[in-house]
Amino acid sequence: MSQYTFITTPIYYTNGAPHIGHAYTTILADAMKKIEQMKGNTPLLSTGTDEHGQKNQHSCEKIGKPIDVFLEEQSALFKNLFNRLNIDYDFFVRTSAASHKTIVSRILQNLYDRGLIIKKNYEGLYCEGCEQFKKKCDLDENGLCPDHQVKPKVISEENYFFRLEPYRQWLKEYITNNPDWITPRNYAKEVLSMLEEPLEDLCISRPKSRVWLGIELPFDKNFVTYIWFDALINYISTLDWENNEKFEEIWKNSYHLLAKDILKPHCVYWPIMLKAIGIPPVHRCIVHGYWIGEGGIKMSKSLGNVVDPNEVIDSIGTDALRFYLLNNMNSTGDAPISISLLLQGYRILANGLGNLQMRALKILDKNLNGIIPAEVELTNDDKKLLQDISDSFKSIYAQDLSLSMVNELTNQITNACSLVNGYFSSEEPWILAKDPSKSNRFKQVLKTTLEALSLIATAAYPIMPKISKEVLNSLNIPTENIITDFNIEKLKSEKIKVPEPLFPPLEKKVLEN
């Protein structure tokens, strides 16, 4: 029976251009959505831009444009990139939208009326890059924010606070009783360690004298809402939770995708906020590591070590980028990225999937007039090869959504291409084609190779949607509604045409750059 699945990315700051980190999380969400579609479910994907806060304000002031123009242009950078990445999103959130502001204001007023928000003076270490107050234990040995490599400023001011401590024990028990709520599990242990000590009250406002770009507090016009309190609510404002009769059905299968630097807001602040509102926690938080750029540290716009995804798309194409990112980030930690590594990943695809398709279709076109020999009976060994590939993909698609599942899928695509290329080479069909007495075996080898190619292309759809459809179309397999059909021997005796290479040789200037 079909069920809803709600998959979210964080909403991204508009203070700069999107980078590979933004691209990866959104591609991961899109791949998961396509997996759910193939399984017959009804997935919804939400992404977008976070358009409030001090960083966005400072960027706007530096450029000198009207705020509405600045936010519109910056948000469009993300939307345009996601369109180039073939992201099939259902919701593109903008926190400057009136509908979102209304829901945030309503929640704030509700919590304030119930005495859960109080006003007091506070002094603390504030990192503008994180837009969070930090404890000394959060800093590195030099007293710097480990993510932004800057020393937080000491800020003393009067603000409004939301009490977290009354919910700490509940959250500890929830995480303990739901061990898969945060995956990979090492991040659950990290959150539990945060909950060992009493939680400080969460500052949920900023004075307009310091930050004017935000949602005004409904009970005090001199303050705007803290950007994280505002942004996290997008996950339910998107669904119009109070008026959506299907909200509970959708929310019970919800997945938040996030990088590890925003673990605390999503896995401490957010579940407590939801508990106070009366909504259960998200079904699962899927956490990934950092992309390590030049200099050996996390990519960051503020550090200037980012890889521009638009430039990568121009060089190697969208699907090669999608495959590299989904294949190289795993559940064990961080992952390196550079132009040279991306080019290496392109060559792996060209030598694997690209080579497999082209050599099989060319020899088919040359010797059998391009007609697939679907009528020939395969040997038991051929059938076993196909069945093993089929079973491996069925096993992966039967898993629940996770980072390791997607990573396992990309690995199996690579392994299957290598296996079938090895089979094709060892059977030497170019020699079989010259011996009339080996005609039947020649057809068996070609049919086995093409059947395997169809299985690989089907499995690859969430990872490389354009390439997947090109391969399936080359085998005359319809691509209007790709499902988890991993049955073997489904090709028909139809004529095909040899297409253009999936991964053409890169121009010399690309390799040199």
> Aromatic rings Phe6 and Phe91: how do their planes relate, parallel, tilted or perpendicular, breaks at 30° and 60°?
Replying inline: perpendicular
> Thr95 side chain to Glu51 main-chain N or O, any donor-acceptor pair under 3.5 Å?
Replying inline: yes
> Which distance, rounded to the nearest 0.5 Å, do you find between the CG of Leu353 and the CG of Asn351?
Replying inline: 11.0 Å
> Trp291 vs Tyr24 aromatic rings, parallel, tilted or perpendicular, using cut-offs 30° and 60°?
Replying inline: perpendicular
> Under 3.5 Å, is there a donor-acceptor pair linking the side chains of Gln357 and Ser474?
Replying inline: yes
> How far does CG of Leu432 sit from NZ of Lys443, to the nearest 0.5 angstrom?
Replying inline: 13.0 Å
> In Å and rounded to the nearest 0.5 Å, what is the CG to CG distance from Asn80 to Leu85?
Replying inline: 11.0 Å
>> Is the shortest side-chain heavy-atom distance between Thr484 and Phe393 below 4.5 Å?
In response: no
> How many angstroms lie between CE in Met32 and CD1 in Ile7, if you round to the nearest 0.5 Å?
Replying inline: 7.0 Å
> Have Asp391 and Gln387 got a donor and an acceptor in their side chains that come within less than 3.5 Å?
Replying inline: yes
> If you draw the axis of the six-membered ring of Tyr4, does the NZ or CZ of Lys246 fall within 45° of it and under 6.0 Å from the ring centre?
Replying inline: no
>> Using only atom types and a distance under 3.5 Å, with no angle test, would you say the side chain of Lys490 pairs donor to acceptor with the backbone of Asp485?
In response: yes
> Would Ser254 and His283 count as having a side-chain donor-acceptor pair, cut-off 3.5 Å?
Replying inline: no
> Is atom CG of Asn177 surrounded by more than 12 heavy atoms (other residues, nucleotides or ligands) closer than 6.0 Å?
Replying inline: yes
> Where the side chain of Asn421 meets the backbone of Cys417, is there a donor-acceptor pair that is under 3.5 Å apart?
Replying inline: yes
> Less than 4.0 Å between a side-chain N and a carboxylate O, is that true for Lys39 and Glu36?
Replying inline: yes
> Around Glu500, counting heavy atoms of other residues, nucleotides and ligands shown, do more than 12 lie under 6.0 Å from its CD?
Replying inline: no
> Side chains of Thr42 and Ser2: is there a donor and an acceptor less than 3.5 Å apart?
Replying inline: yes
>> Quick check for you: to the nearest 0.5 Å, what is the distance between Asn253 atom CG and Ile250 atom CD1?
In response: 10.0 Å
>> Can you confirm whether more than 12 heavy atoms, excluding those of Glu248, are under 6.0 Å from its CD atom?
In response: no
> So Arg84 and Asp314, salt bridge (Lys or Arg N to Asp or Glu O under 4.0 Å) or not? Walk me through it.
Replying inline: CA-CA 10 Å; Arg84 291 194 76 189; Asp314 291 339; 2.8 Å; yes
>> Checking salt bridge (Lys or Arg N to Asp or Glu O under 4.0 Å) between Glu427 and each of Lys447, Arg359, Arg441, which is the one that passes?
In response: Arg441
> Would you find a donor on one side and an acceptor on the other, under 3.5 Å apart, between the side chain of Arg94 and the backbone of His100?
Replying inline: no
>> Please determine whether the number of non-hydrogen atoms from other residues, nucleotides or ligands lying under 6.0 Å from atom NZ of Lys366 exceeds 12.
In response: no
> Okay, side chain of Lys34, backbone of Pro465: is any donor-acceptor separation there less than 3.5 Å?
Replying inline: no
> Are a donor atom and an acceptor atom from the side chains of Thr379 and Asp382 found within less than 3.5 Å of each other?
Replying inline: yes
> Okay, side chain of Asn327, backbone of Phe323: is any donor-acceptor separation there less than 3.5 Å?
Replying inline: no
> Is Ser395 reaching over with its side chain to a backbone N or O of Ser392, donor-acceptor style, under 3.5 angstrom?
Replying inline: no
>> Take a 6.0 Å sphere around NZ of Lys172 and say whether it holds more than 12 heavy atoms from other residues, nucleotides or ligands.
In response: yes
> Charged N to carboxylate O below 4.0 Å: is that the case for Lys497 and Asp365?
Replying inline: no
> Quick one: which of Tyr235, Tyr255, Trp181 gives a ring pair (Phe, Tyr, Trp, His ring centres under 6.0 Å) with His266?
Replying inline: Tyr235
> Between Thr238 and Asn234, is there a donor-acceptor pair closer than 3.5 Å when you use the side chain of the first and the backbone of the second?
Replying inline: yes
>> Keeping Ser468 on the side-chain end and Ala457 on the backbone end, is there a donor-acceptor pair under 3.5 Å?
In response: yes
> Using 30° and 60° as the class limits, which term best fits the ring planes of Trp251 and Phe247: parallel, tilted or perpendicular?
Replying inline: parallel
> Closest heavy-atom contact between Ile11 and Thr47?
Replying inline: CG2-C, 4.3 Å
>> Any salt bridge linking Lys383 with Glu377? Criterion: basic side-chain nitrogen under 4.0 Å from a carboxylate oxygen.
In response: yes
>> Has Asp50 got a side-chain atom pairing as donor or acceptor with Tyr12's backbone, closer than 3.5 angstrom?
In response: no
> Using 30° and 60° as the class limits, which term best fits the ring planes of His19 and His22: parallel, tilted or perpendicular?
Replying inline: parallel
> Quick one: are Lys384 and Asp388 in side-chain contact, heavy atoms under 4.5 Å?
Replying inline: yes
